[in-house]
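Note that these values count all heavy atoms, side chains included, but never hydrogens, waters or copies made by symmetry. Protein chains get the first letters and strands the later ones, always in sequence-line order, with residue 1 at the start of each.
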Protein chains: 2
Amino acid sequence: MSKIQQRSLYLDVADRVRALIEQGDLAPGERISEKQLCERFGVSRTPLREALKVLASEGLIELLPNRGARVVRLTLKMVKDTYDLMGALEGLSGELACQNISDEGIRAIRVLHDEMLRHYHERNLPDYFRVNQRIHEGILAASANEVLQETYSNLNQRVKRVRYSKKMTDDFWRKAVQDHEHMILALEARDGRRLGQILRDHLCNKLEVASLAGVVEDESLLDVAHS
Amino acid sequence: MSKIQQRSLYLDVADRVRALIEQGDLAPGERISEKQLCERFGVSRTPLREALKVLASEGLIELLPNRGARVVRLTLKMVKDTYDLMGALEGLSGELACQNISDEGIRAIRVLHDEMLRHYHERNLPDYFRVNQRIHEGILAASANEVLQETYSNLNQRVKRVRYSKKMTDDFWRKAVQDHEHMILALEARDGRRLGQILRDHLCNKLEVASLAGVVEDESLLDVAHS
DNA sequence: TGGCTGTATTTTGAATTCATAATACCTCTC
DNA sequence: GAGAGGTATTATGAATTCAAAATACAGCCA
């Protein structure tokens, strides 16, 4: 028995373009040729163009009337602004999680937390990042607010390609872990206000922004952008 | 000399459909016929369908594969979740506004605040609402965070058609004004943390949700929704 | 009469075609 | 040889066409 419900073509195309952007196969500022992508995906221009419209409304690309599309170049300010926003959303997710999460849910987060600590003590950065991310995702899921999750996911998508720059000073790392210690305690106490506060201020965001100074070239994107 | 740069057709169509939804000309749950809208707008299906894709990604309509589109029916939970989110965003806007707003900006908000107070004392609800909204917009603008503004605007668009239900008990109203008194003081003191906290908890949100019990029919939308 | 099956119609999904704006290139002039 | 102007080419915007799925409807049978 095969799958009955077929996803629309434009959704698949949108996913594939998103992946290309995320992986850097389509560089920031790069002009997107419709024909080229059509041939690459083996679809006609109609679904491709529909996909581009969606991606534009998601903020991943920008459409220039009569001149096609190009991948959005992230400015440092855009990334900073987006992180501020994501911080606020994480804060909310913490508050809501404390209201809605089950006791088992808390225990599951605690398990992840302890695992993360082990990776920290072993100075295993990749695994630390991975588990760290799962903790934040877990809290987000526990918020039981789908609009929040969807919004967060969209914002995250926008900055994914510059995230996880892997630079982490000992000092920052120590403070991040300390934040997490306070977080798990607040969660276990179901102190939403406190967890929210911690998450909003969680220096991951600020840290990442700081470390981006080298990754994103501030306003240098304007050299291509004067449309 | 006429306008040179012409907006894309699909953008105009999207705006017009948004307006139809907001005004209630397209009812929640109502099936959207492509042909009908094409004739109404005098465009072909291509730009209309592109517009529908965008509106779907904005959360205003939903696309059912091979069965067209329909206006999203808001559940009470969706509205509640959205308001929670908007509260968090307003909180952030307050924090940022305190960092970025100019002294003139603060004075401008103070003027609006005093005007709002007058409307309150005269029990002029429509003008109160109007000025109230301008205050919140002013703070949002002062945040100088475009991603935030854009995100807020999208969420607001989703719930616009059920907002401003005009029901306001004296008690709620008094508390709302009281919140605003604290807000303007926090702003003038540039106390971002406090202003953020007030805005997050500002009972407008909770109030509106409460008053919605009659406007949005809780889960009754499911009668159409089992796709 | 009520329900089911098969056909006709309508509607959506996607490709193609046509029109127009932008770009590239070539020539002509200075 | 450099730059301006004009034509050819290419790419995009939008309409149309074709294909496939869903819906409506009619006839059939119990």
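Atom pair A:L63:CG and D:dA11:C1' shows a separation of 14 Å (rounding to whole Å applied). C:dT12 atom P lies 14 Å from atom OH of A:Y10, rounded to whole Å. As rounded to whole Å, 14 Å separates atom P of D:dG13 from atom CG of B:D12. Look at CD1 on A:I32: it is 15 Å from P on D:dA11, rounded to the nearest Å.
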Is there any protein nitrogen or oxygen under 3.5 Å from a nitrogen or oxygen in nucleotides 22-24 of chain C, and what are the pairs?
none

| request: Could you walk me through whether B:T75 and B:K80 pass the side-chain contact (heavy atoms from CB on, under 4.5 Å) test, one step at a time? | output: CA-CA 9 Å; B:T75 64; B:K80 210 170 162 321; over 6 Å; no
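Residues meeting the salt bridge (Lys or Arg N to Asp or Glu O under 4.0 Å) test with A:D127, sequence neighbours left out: A:R130. Checked against salt bridge (Lys or Arg N to Asp or Glu O under 4.0 Å), B:E34 has the following partners two or more places apart in sequence or in another chain: B:R45, B:R49. Every salt bridge (Lys or Arg N to Asp or Glu O under 4.0 Å) that B:R18 has, sequence neighbours left out, goes to B:D15, B:E58.
No side-chain heavy atom of A:D84 sits under 4.5 Å from any side-chain heavy atom of B:E95.
If you take CG on B:L55 and OH on B:Y10, they are separated by 10.5 Å, rounding to the nearest 0.5 Å.
Only B:E34, B:K35, B:R45, B:R49, listed by number, bring a heavy atom of residues 33-54 of chain B to less than 4.0 angstrom from any atom of DNA chain C.
Side-chain N/O atoms of B:H202 and B:E90 include no donor and acceptor closer than 3.5 Å.
Sequence neighbours left out, the pairs with a member in residues 141-150 of chain A that pass side chain to side chain donor-acceptor pair (under 3.5 Å) are A:E150-B:R158.
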